[in-house]
Amino acid sequence: MMTQVASPMDVLLAYPGPWLCWILPIIGALITPLIGRVSRRAMNLSAVLFALSAVLSASTMIPWLLNGRWPGDVRLMRWVVFPDRPPLEVGLLIDPLSIIVANVVALISFLIVVYSVGYMHGDPCLPRYWFFFLFFIGNMLLLVLSDNFIMLLVGWEGVGLCSWGLIGYYYRDEKEYWVGGPPPTPMYSPSHCGMKAFIVTGFGDVLLLAAIFIVYHYAGTFNFMELIASSSSWLRYLSATPGLLSLTALLMLGGPIGKSAQFPLHEWLPEAMAGPTPVSALIHAATMVKAGVYLVARVSPIFYIGYWGLGLSEASTFFIAIAVIGCFTAFLAASQAMVSLELKKALAYSTISQIGYMMLALGVSGLNEGVYTAGLAAGIFHLISHALFKASLFLCAGCVLHAVESIYMSDMGGLRRVMPITHALMLIAALSLSGIPPLSGFWSKDAVLHSCLIAGTPLSTALFIVAAITAAMTFFYSIRFISLTFYGEPSENIEEKLEEGHLHEAPAIMWTPIAILDILVILIGLIAILGLISPAWSPEHFLEERLSHSIGPIEVMTHGGEAPAIMVPSISGAMLLIGGVAGYLLYLGRKVDARRLVESSPLLRGIYTFLWNRWYINSLYYLIFVDGILSLKDALYRWLESAVLDRGLNYGVPRLFKGLYHELKRVQTGVLSVNILYLIIAYLVIFISLLYLFAGGV
Amino acid sequence: MSQLYPLTQILIIPLAATPVVYLYARKMGRSAGYVAAIPLAYTLLLLLTLLPEAAKGVKHLESYTWAPSIGLTFGLLADGLSIWMMITINLLALLMSIYSVRYIDHRVKELFGGESPSTAYASYYALYLLYEVGMMGTVMSTNLIQFYLFYELMLVPSWLLINNYGYGDRERVGLLYFLWTHVGAVILLVGILSTYWITGSFEFSALSLIAAKPQAPFIVAAFLIGFLTKMAVFGLHLWLPDTYTQAPTSITALLSPAMSGIAPYAIVRFIVVPMYPVYQRFQPILVAWALITLIYGGLMSLAQDDVKRYLAYSSMSQMGYILLGVASMSTLGTSGAIFHYVSHGFGKCILFAVAGALLYRIGTLSISRMGGLADRMPVTATLTLLGIFTIAGVPPTSGFMSKWMIFAGVFDGPLSTSLMGISAATVILLMTVITIAYGLWIVKRIFFGPLAEGLEMVEDPPASMEAPLIILAVIAILVGLYPRIVSDCLFSALSALHV
Amino acid sequence: MINIPIPLLVLLLGGGVLPLIGLMAERLHVKWLREGWTILIQALALYSVYPLYREVRAAEGRILLKYLPGGAPPLGGCFEIDVLGVYMAGCISLLALLVAIYSTRYMEHEGRLTEFYTLFTLMNAGMVGVAMAGDFFTLFVFWEMMCISSYVLVSFMKHRPGPIEAGFKYFMMSATGSAFLLLSMSLLYGMTGTLNFAYASASLKAVEPTPWLLLLFTTLLIGFGIKSAIVPFHTWLPDAHPEAPGPISAMLSGIVIETGLYALTRVIYLTFPVSIFKPTFAALSVVTMTLANILALLQSDLKRMLAYSSISQIGYMLVGISTGTAYGLMGALLHIFNHSLMKGLAFLCAGSIVHQLGSREISEMRGLGRRMPFTSLSLSIALLGLGGVPTTNGFVSKFILFSSAIGAGMPILAVIGVLNSALSMAYYLRVIITLAARGEASAEEAPAIMVGISLLMALLIVIFGVWPQPVIRYADIASKCLLQGVGRYLSAVMGP
Amino acid sequence: MHPFTSFIVAVFLLLLIGLLCLTTRRNMIRLLIGVEILFNAANLNFIALSIQRAGFIDPLGQMIVLMAIVLDGCVVAVGLVMTLNAYRHYGTLDVRKLRRLRW
């Protein structure tokens with residue numbers, strides 16, 4: 001491990017890649033809008049180049065990953081020096097986890113930047129777009145690479161900020177950018193959605209903050225490696241207070257739950273679709289929402305050591321909670337995706353659901369001592385593969401929305417002929433999402449299910465069942481959105497657009513990035529097939545082997561419970577069959593009219609309404625947190641601040657003195673005899689009271 | 001450096017410049033603002049030369065005999081705790097004097113019509129400098145009497161500025177402001193007097209002698225009431241909304257960030273450091289009070305339609321944060337509180353100045369009549385955002401650094417000893433989400449959405465109003481990137497607190 | 001050789017000659033002769049205070065004894081001058097000089113000026129005499145001299161009903177007070193057989209309180225209390241002070257009522273144990289300041305408001321006196337000096353405003369700040385000083401007063417005091433706000449002499465606010481005379 | 001009964017009469033007389049006390065009374081002048097009509 005003997009310059013020169021890959025995009029964020037004052041083309045070029053620079057610098061880390069000798073904790077300089085604790089340093093943690101995630105982020109960001117050049121063509125506010133976009137890339141890489149909680153928080157808040165800026169990108173709130181609906185379902189303006197995202201994730205952030213500060217209080221450091229290295233001492237100290245470790249674990253999960261849109265803080269993500277589609281693809285599907293997954297993976301060694309190494313039973317709260325939450329969220333979001341009418345929203349629900357899978361994998365990893373690396377690897381594997389196919393899905397959706405100028409799937413249909421390339425690309429990605437072999441989604445989802453199964457506890461088995469059902473639902477809604485978009489009869493909107501001749505395939509600059517993503521999806525799938533030949537060649541195994549090093553001093557058992565190798569594929573195959581048949585009947589083949597089916601049964605109608613209204617969670621939140629607070633503030637302002645406090649003190653006290661004045665001024669009668677009377681009375685009163693005081697009475 | 005008596009200069013030079021500026025303004029009118037900025041710029045430079053020493057924990061003290069028969073000296077002190085207070089005050093005063101040039105010109109013309117008397121400018125800048133001297137003197141004081149003297153001295157010019165240049169029923173509001181804070185101050189005075197009878201000295205260094213005495217809780221309570229009134233915590237805040245709203249904006253931009261924050265500084269200086277054990281008994285009350293202030297201020301600011309009134313309540317809420325840091329009783333939290341004073345100073349100054357700019361360009365502060373201004377006033381909108389991020393603690397602004405220090409302090413202090421305490425601290429933390437909410441909501445209402453009617457011709461304010469704010473925003477970000485410039489000073493002064 | 005202290009001698013002689021001078025001035029049409037003479041007299045009186053101080057310092061035990069012809073104590077009258085007396089004489093002469101200079105312009109259009117200046121000088125002589133008297137009888141004589149002059153001065157503008165009514169009420173109340181004073185003298189005489197302070201002190205100070213002693217105390221309290229306007233004996237003051245001519249208001253509020261308080265303090269401290277007067281004065285101070293502050297709040301008449309403010313300031317001084325400590329007494333003495341400057345200045349400025357504007361209504365003074373900037377500035381400084389804002393001398397003395405209350409174990413009194421002080425800010429600010437407001441008031445700046453005096457006093461207020469050390473020093477010595485110096489005071493008269 | 005007691009009773013009565021006169025009478029002249037009575041009560045007290053010590057008449061008391069009577073005369077003279085002026089302005093001797101100044 002590096003220590004701070006070297007000067008900052010030496011450190012920078014020794015490890016240029018990791019530092020430049022997040023610094024350059026931030027510099028780019030500042031420069032690119034300025035270039036925009038000179039030339040639009042130069043600005044676009046600059047944006048692409050800065051994104052490319054991130055990819056290139058990130059890729060310099062790949063050799064370390066491959067040869068298994070990475071630099072670890074690289075510290076640049078002291079940032080804040082505390083009086084009696086180790087200083088907070090500016091440093092990067094370069095280990096397999098961060099290298100993998102950073103490369104995924106950088107690559108996908110670059111592809112989407114290229115796509116954006118086409119998608120955002122002609123937008124007058126492009127400088128702002130590039131600023132936030134590049135700033136996002138820089139912050140996201142900082143988040144992933146930082147070696148301590150505070151720098152991670154900087155990146156964490158930074159990406160939140162960019163998310164806010166980009167969701168609310170269309171700040172003029174023209175009607176066409178609103179999401180939700182159609183009426184009577186409420187619609188939300190982009191600026192509203194941005195705020196919602198920032199505030200809801202803010203809840204998670206402060207919970208995370210609390211956890212960080214609890215840990216800091218006991219451990220005295222923010223640095224991940226130091227926390228893991230010294231965990232045996234501070235964890236024991238912390239767990240001396242009963243319940244505190246559980247609390248810390250739950251609070252620690254707060255941030256990931258908010259950022260990765262897990263239940264109960266998942267409600268911001270569907271609305272985040274108000275931003276431009278490349279933004280949804282990058283921030284709200286591929287990268288930022290994975291920050292939570294990354295963080296869980298980052299801190300899970302601490303709890304793993306606590307649970308399995310030190311035998312602190314409370315540490316298991318961390319794993320149980322995240323597994324349950326992840327699994328439930330996967331189911332919850334998938335159910336909503338089955339009825340969503342907006343294309344991007346369906347994809348958003350799907351994102352929530354898939355992140356639930358990742359959380360599930362990370363959760364079950366701690367339930368059994370031997371599953372840790374398997375679960376971790378499964379989670380990260382799904383993270384990578386999901387990032388690729390979901391980005392691809394969103395970008396395709398962007399092409400579609402760009403063409404049809406409506407967010408509703410009811411305004412689409414039959415686009416397969418008009419947009420064949422988009423159709424093909426989206427189909428591949430959707431199949432990967434559904435877990436159709438041999439695409440990457442199949443392997444990663446199987447890895448998740450597999451780790452559930454081999455964890456072998458009753459809880460993990462139950463979670464496995466739910467996850468498997470969710471897999472069926474995933475295939476169902478995938479078929480649904482693909483069919484509604486590309487198959488079937490063209491809707492009225494499409495007919496009109498066709499007549500006007502507006503409808504056309506997306507330009508090459510837009511589909512090329514998608515194609516690259518799809519190729520990667522297929523490539524990973526093909527590599528994984530090699531794993532069938534020798535397990536050592538499979539990407540999962542590679543991840544497992546690399547990630548097992550990040551845990552530090554504790555020796556990890558790499559093989560825990562076993563399950564028959566064929567069991568997971570067969571169960572998920574069965575599930576695919578169920579989902580596929582239902583999807584084919586209702587949407588692809590149109591054998592059954594979905595609408596009529598729902599109308600026919602009160603039960604189905606009830607379920608449909610329940611799902612359509614997002615399990616009423618959103619309405620409930622609005623009722624409590626928005627309407628509640630808004631009416632509370634009005635009531636407080638009217639009844640407490642104005643009526644009681646202001647009126648009571650600022651007006652009441654002067655009035656009191658005015659009243660006193662008017663009463664007391666009567667003392668001053670102006671009548672001489674009265675004045676003399678006062679004198680006599682005072683004389684007597686003083687004399688008599690003095691007598692009582694000093695002479696013991698009269 | 002010490003041969004030059006920098007602190008004496010810092011106090012004397014703006015004071016000596018007052019008549020000069022007055023006379024200049026009588027002749028030249030509004031451009032006196034630039035002249036007033038010269039002494040302030042010089043004193044700021046002097047302060048910056050003291051900064052490296054303060055960061056190492058060196059105290060810079062200049063002291064003179066004052067009234068020997070009651071053991072009074074006139075001391076001027078700059079140490080790690082106060083140096084950033086001074087820099088903030090001086091910086092804001094400097095920038096606001098430049099901002100005032102156009103703003104107060106506008107205001108004076110509004111008040112007096114075409115033939116605006118040059119005395120109006122002259123007395124504005126003269127009082128302005130006196131106000132700055134008062135604030136600086138408060139922070140530099142080494143004894144309670146001197147502190148009280150300057151504490152009241154900053155009240156009079158600020159009151160006159162509100163009374164003469166404010167908006168609305170400025171006379172009533174000025175009176176409210178004066179009386180509320182004056183009542184607080186005289187209660188503080190009782191505490192000071194009691195201190196004297198116990199220790200026989202007014203020096204800060206003697207305060208620690210009280211700690212063991214039975215009267216200590218009463219004295220601490222008297223101090224706290226005095227300071228909390230100035231800080232405008234819940235219940236004692238009623239002077240705040242009207243004052244901040246009706247004061248001329250350039251003055252509000254000093255009142256809120258610079259002046260009311262002197263109170264937490266004084267709490268640290270008077271109570272936390274010397275009387276830690278006594279203070280400990282007040283901690284639960286203060287934490288609760290801070291929390292109530294924080295939430296109440298946030299809720300109230302949500303309810304406002306007037307930009308300045310909104311900002312006023314948000315100041316109240318931010319004072320809740322600072323109080324929380326002070327109440328945390330840990331080195332981190334206390335340093336964070338003073339640090340947040342600095343950040344809040346930058347951010348809130350920007351925001352109030354923006355409100356002034358809106359008033360300057362639009363002529364109204366009613367939020368309901370604004371909307372979609374981001375198109376027309378892009379620079380202003382960006383500055384507002386930066387201001388709000390600085391206050392709400394979004395990186396990379398300095399507000400992020402100060403806020404996490406406050407929270408880390410809350411979890412580092414006595415609250416961390418029990419599960420209940422930690423849960424309470426978590427709840428406190430959870431409540432802070434409201435600051436993001438009210439911050440973003442106002443941006444949304446003023447700058448986003450469709451352009452409101454009648455605002456088609458609006459544009460960004462002139463450069464002399466914008467440039468100071470841009471400088472502030474840049475400084476806020478630079479401090480956020482390199483917080484050691486502040487934190488080293490604070491930690492060097494407060495390290496002894498650590499439990 | 002006439003055995004009278006020099007300042008008193010100067011004033012008495014000067015006042016006595018003044019009618020002749022006035023006659024000369026009228027006959028010979030010499031302008032400024034009377035005025036010049038008066039100023040000269042006052043200046044000489046002030047100047048001669050210093051040699052007197054040197055003399056006192058040089059005297060044995062720092063007490064200067066001057067016997068009046070007709071016998072030595074305990075029977076004969078005498079002046080017994082200690083630093084306290086000199087201090088008071090200094091305060092009186094300083095304010096008198098300033099007011100005298102001010103009057104030359106203020107009164108120049110009035111008739112009967114010879115009368116005015118004569119009475120003015122004699123009133124000062126009376127006060128100086130009271131300050132220096134060594135026995136009760138001497139005190140009474142000079143007391144009546146002061147009172148009678150002030151009655152006439154209050155109703156000097158006899159062509160208007162207001163001054164006459166105020167003067168009559170003042171006269172009746174004050175005469176009743178004098179009668180009570182005489183009564184108390186007779187009681188003292190009956191109990192001790194002497195009127196000399198030293199002898200009375202020797203025989204009464206250590207006595208257990210008897211009903212007779214309490215009766216004496218109460219009667220004394222009324223006798224002096226009426227003059228010093230302690231609530232509830234204050235009722236004449238809000239009438240008399242506003243109706244008097246400007247300079248006289250300044251004198252009355254600035255120093256005359258304080259002289260009453262001084263005499264009260266002198267007698268009570270010398271002859272009564274602390275335990276008796278401490279609670280009484282504490283109670284009276286609370287009533288006095290609270291009632292006066294509330295009554296001053298909404299006064300529409302500037303001078304009347306200032307008059308009420310004087311009552312409340314007497315309340316603050318009582319706080320210091322009630323402590324019975326040298327520190328508290330020092331505060332009270334300091335406040336006497338500071339108040340003489342502040343209230344003197346306030347009334348002089350009010351006088352200038354009345355002189356120029358012709359109205360005493362506060363509401364008619366809107367916008368005066370622009371028309372009469374220097375007067376308004378001086379008035380504002382005086383009012384801020386009265387409110388106790390730091391850097392004015394009012395802050396210093398109030399600070400010491402309230403501090404002494406805490407030191408004497410009466411924190412509640414201090415709290416009430418500071419709250420009252422804060423409350424008083426409300427009506428002081430009201431005036432400043434009115435002056436600063438934009439309005440239609442049309443008046444011109446007062447003549448240069450009046451403005452000059454105002455500015456000079458304002459400057460003094462600020463100087464003694466920032467650097468109070470010189471005054472504190474003398475007040476400190478003076479206060480110690482009354483407590484630590486009692487032994488010397490007694491032995492100077494009675495022999496060791 | 002102590003011989004001195006009768007004097008004290010007389011003084012007390014005079015005091016009472018004077019004060020009653022001041023509080024209940026309206027005529028200004030009577031008020032002046034009331035004050036006079038108060039003064040005389042004090043004077044009588046002095047005289048009485050100056051002879052209280054058996055066999056010795058204290059000259060101090062006597063002297064003071066003489067002086068007090070002189071001062072008294074001055075006071076009353078001023079009082080009469082004021083009454084006269086008040087009568088000129090208000091046209092009455094009723095002191096309750098002098099109520100221009102109050103509050």
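In what follows, every chain begins at residue 1, and chains take the letters A, B, ... in the order their sequences are listed.
- Side-chain rings of A/Tyr621 and A/Phe203 stay apart, their centers remaining 6.0 Å or farther from each other.
- Contact annotation for B/Trp441: both backbone and side-chain heavy atoms come within less than 4.5 Å of a heavy atom of chain A.
- There is no side-chain donor-acceptor pair under 3.5 Å between A/Glu176 and A/Tyr170.
- Per-residue counts of heavy-atom pairs under 4.5 Å with chain A were compared for B/Leu302, B/Leu481, B/Asp488; the largest is that of B/Leu302.
- In the model, B/Asp242 has no side-chain atom that pairs as donor or acceptor with a side-chain atom of B/Tyr177 under 3.5 Å.
- Residues satisfying the side-chain hydrogen bond (donor to acceptor under 3.5 Å, both in side chains) test with B/His182, not counting sequence neighbours, are B/Glu152.
- Both the backbone and the side chain of A/Leu636 have a heavy atom closer than 4.5 Å to some heavy atom of chain B.
- Among B/Leu385, B/Ile434, B/Leu490, the residue making the largest number of heavy-atom pairs under 4.5 Å with chain A is B/Leu385.
- Between chain B and the options A/Asn139, A/Ile150, A/Leu632, A/Val90, the largest number of non-hydrogen pairs under 4.5 Å is found for A/Ile150.
- The two residues B/Ser398 and B/Val479 have their closest heavy-atom pair at CB-CG1, 3.7 Å.
- In this structure, B/Tyr438 contributes its side chain and B/Tyr310 its backbone to no donor-acceptor pair below 3.5 Å.
- Heavy-atom pairs under 4.5 Å with chain B were tallied for A/Leu244, A/Thr241, A/Thr248; the largest tally goes to A/Leu244.
- Residue B/Phe447 touches chain A through its backbone alone, counting heavy-atom pairs closer than 4.5 Å.
- Chosen from A/Leu640, A/Val653, A/Leu88, A/Leu209, the residue pairing most often with chain B at heavy-atom distances under 4.5 Å is A/Leu640.
- In terms of non-hydrogen atom pairs under 4.5 Å with chain A, the most contact-rich of B/Ser423, B/Pro241, B/Ala425, B/Ala374 is B/Ala374.
- A cation-pi geometry, defined here as NZ or CZ lying under 6.0 Å from the six-membered ring centre and within 45° of its normal, holds between A/Arg647 and A/Tyr651.
- Considering only heavy atoms from C-beta on, A/Trp22 stays 4.5 Å or farther from A/Leu143 through its side chain.
- Both the backbone and the side chain of A/Leu645 come within contact range of chain B, judged by heavy atoms closer than 4.5 Å.
- Between the A/Arg638 side chain and the A/Ala643 main chain, no donor and acceptor come within less than 3.5 Å of each other.
- Ranked by non-hydrogen atom pairs under 4.5 Å with chain A, the options B/Gly235, B/Ser487, B/Pro395, B/Ser335 are led by B/Pro395.
- Contacts between A/Tyr216 and chain B at a heavy-atom distance below 4.5 Å involve the side chain alone, from C-beta outward.
- Contacts of B/Phe234 with chain A are made by side-chain atoms alone, with heavy-atom separations under 4.5 Å and no backbone atom involved.
- Among B/Gly449, B/Pro450, B/Ala303, the residue making the largest number of heavy-atom pairs under 4.5 Å with chain A is B/Gly449.
- Contacts between A/Pro242 and chain B at a heavy-atom distance below 4.5 Å involve the backbone alone (N, CA, C, O).
- In this structure, the portion of B/Leu176 lying under 4.5 Å from any heavy atom of chain A is its side chain and not its backbone.
- Applying the side-chain hydrogen bond (donor to acceptor under 3.5 Å, both in side chains) rule to A/Tyr237 yields no partners; only residues at least two apart in sequence or on another chain are considered.
- Interface remark: B/Phe400 contributes side-chain atoms only to the contact with chain A (heavy atom separation under 4.5 Å).
- For a residue to count as touching a neighbouring chain, one of its non-hydrogen atoms must lie under 4.5 Å from one of that chain's; by this rule A/Trp164 touches chain B with the side chain only.
- Taking the six-membered ring wherever Trp is involved, the centroid distance between the rings of A/Phe222 and A/Phe149 does not fall below 6.0 Å.
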